[in-house]
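Presented below is the structure to which this report refers.
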Amino acid sequence: TVNSSLTTMRRLKDTSRHIFVIASLCIVPRAVAGPPLATEDPGILDPGQWELIAATSVSAFGSGDIYELPILDVALGVIQDHLQLTATYRYVTADPDDGGSRSNFGNPEFGLKWRFLHTERLQIAFAPLLTFGISRPLAEVGIGDDTNVLQLPLAVEYQLNERWRFNGAFSYLGVESGPDGWGYSGALAYSLNGRWDLLAEIAGASDEDFDEQILDLRVGFDVALTENFHLLLAMATGVEAPDRVEELHYDLFFGLQFFL
């Protein structure tokens with residue numbers, strides 16, 4: 001059974017409005033999308049099944065570094081083959097190049113995922129996610145954003161053959177106090193054996209008119225140490241950004257995934 005759900009916060013900021021886009025990281029046992037990737041997957045947990053992800057990430061941007069430790073994500077299967085609930089919270093340290101490192105809790109996130117199509121090869125789900133804004137003083141020092149953001153992604157998964165799988169997601173980003181935008185990503189997974197999946201992804205976000213965009217390239221591994229315990233690893237670099245402030249130099253992700 002595939003499942004969802006983590007969000008490792010990636011700040012994709014527009015220079016004029018300082019709005020970050022949360023890139024959803026969804027985990028799937030033996031599936032392509034999810035932590036350590038940013039692409040939402042359409043998998044659903046069994047009713048009553050819990051998923052817990054404990055993770056950390058380090059991101060270096062043109063304007064400074066962001067450390068997230070811990071990142072805690074919880075998901076619960078609710079309705080057989082159709083619905084699950086998710087929640088994510090993280091502790092963030094912002095270390096800008098001009099000094100003045102600050103730490104505090106970042107933006108809380110709550111979502112659900114409804115899978116409305118599931119065949120032998122194809123799955124499609126709708127996975128709305130609400131990110132709550134934090135206080136303006138914390139946002140001004142880089143801990144998170146001070147406005148609510150509603151993501152409305154449509155997630156698709158297609159099993160190409162026994163070893164290759166494709167995942168894609170396209171999302172409308174509704175911003176309460178600012179211009180809206182779009183998020184999009186595509187990912188491939190290759191099963192090396194029964195335990196190791198090699199992952200590759202390109203993910204981005206843009207303003208509503210597609211005039212400016214941020215694009216990142218990510219590679220990673222999903223290692224099934226046991227049936228209910230996975231090791232998640234990834235690294236990313238920026239491909240495109242409006243200017244140096246938003247440019248991603250590197251992003252490193254490490255996570256432990258448990259199924260209960």
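The model shown is predicted, which means the values in this text are computed figures rather than measured ones.
- Looking at Lys113 and Asp41, a side-chain N of the basic residue comes within less than 4.0 Å of a carboxylate O on the acidic one, giving a salt bridge.
- If you look at Phe116 and Phe126, their ring centroids are not closer than 6.0 Å.
- Under the 4.5 angstrom side-chain criterion for Ile, Leu, Val, Met, Phe, Trp and Tyr, Leu69 has no cluster partners at all.
- Cluster membership for Val219 and Trp196, using ILVMFWY side-chain heavy atoms within less than 4.5 angstrom, is not shared.
- Counting heavy atoms from C-beta outward, Phe254 and Leu231 have side chains that approach closer than 4.5 Å.
- Side-chain contact between Ile66 and Val92 is present, with at least one heavy-atom pair separated by less than 4.5 Å.
- Taking the side chain as every heavy atom from C-beta outward, Thr88 and Ile71 approach each other to under 4.5 Å.
- Without hydrogens or angle criteria, Trp182 side chain to Glu208 main chain gives a donor-acceptor distance under 3.5 Å.
- Side-chain contact check for Leu199 versus Pro36: some heavy-atom pair is nearer than 4.5 Å.
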**OP:** Given side chain to side chain contact (heavy atoms under 4.5 Å, CB included), test Phe110 with Thr86 step by step and report yes or no.
**Re:** CA-CA 6 Å; Phe110 297 93; Thr86 65; over 6 Å; no

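- Taking 4.5 Å as the limit, every side-chain heavy atom of Asp73 sits out of range of all side-chain heavy atoms of Leu52.
- The structure places CG of Leu188 at 9.5 Å from OG1 of Thr39, a figure rounded to the nearest 0.5 Å.
- At least one donor-acceptor pair under 3.5 Å links the side chain of Asn148 to the backbone N or O of Gly133.
- Phe132 is not listed as a side-chain neighbour of Glu109, based on a closest heavy-atom distance of 4.5 Å or more.
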Under 3.5 Å donor-acceptor pairs involving side-chain atoms of residues 233-241, not counting sequence neighbours:
from   : atom 1 : to     : atom 2 : distance (Å)
Thr237 : OG1    : His249 : O      : 3.2
Glu240 : OE1    : Gln213 : NE2    : 2.9

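- A donor-acceptor contact shorter than 3.5 Å is absent between the side chain of Arg102 and the backbone of Val141.
- Below 30°, between 30° and 60°, or above 60°: for Phe258 and Phe229 the angle between ring planes is below 30°, a parallel geometry.
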Subject >> Pair His230-Leu225, side chain to side chain contact (heavy atoms under 4.5 Å, CB included): steps then yes or no >> reply: CA-CA 6 Å; His230 286 227; Leu225 300 178; over 6 Å; no

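- Contact check for Tyr91 versus Ser103: side-chain heavy atoms found under the 4.5 Å cut-off.
- Residues Phe259 and Gln49 form a side-chain contact, since some pair of their non-hydrogen atoms from C-beta on lies under 4.5 Å apart.
- One finds the CD1 atom of Ile44 at 10.0 Å from the NE2 atom of His118 (value rounded to the nearest 0.5 Å).
- With sequence neighbours excluded, the residues that form a side chain to side chain contact (heavy atoms under 4.5 Å, CB included) with Tyr158 are Arg121, Leu122, Leu160.
- Asn107 places a side-chain N or O within donor-acceptor distance of the main-chain N or O of Asp145, the cut-off being under 3.5 Å.
- For the pair Asn193 (side chain) and Arg195 (backbone), a donor-acceptor distance under 3.5 Å is present.
- Defined by atom type and a distance below 3.5 Å, a donor-acceptor pair is missing between the side-chain atoms of Asp197 and Tyr190.
- In this structure, the side chain of Ser177 does not engage the main chain of Thr147 through any donor-acceptor pair within 3.5 Å.
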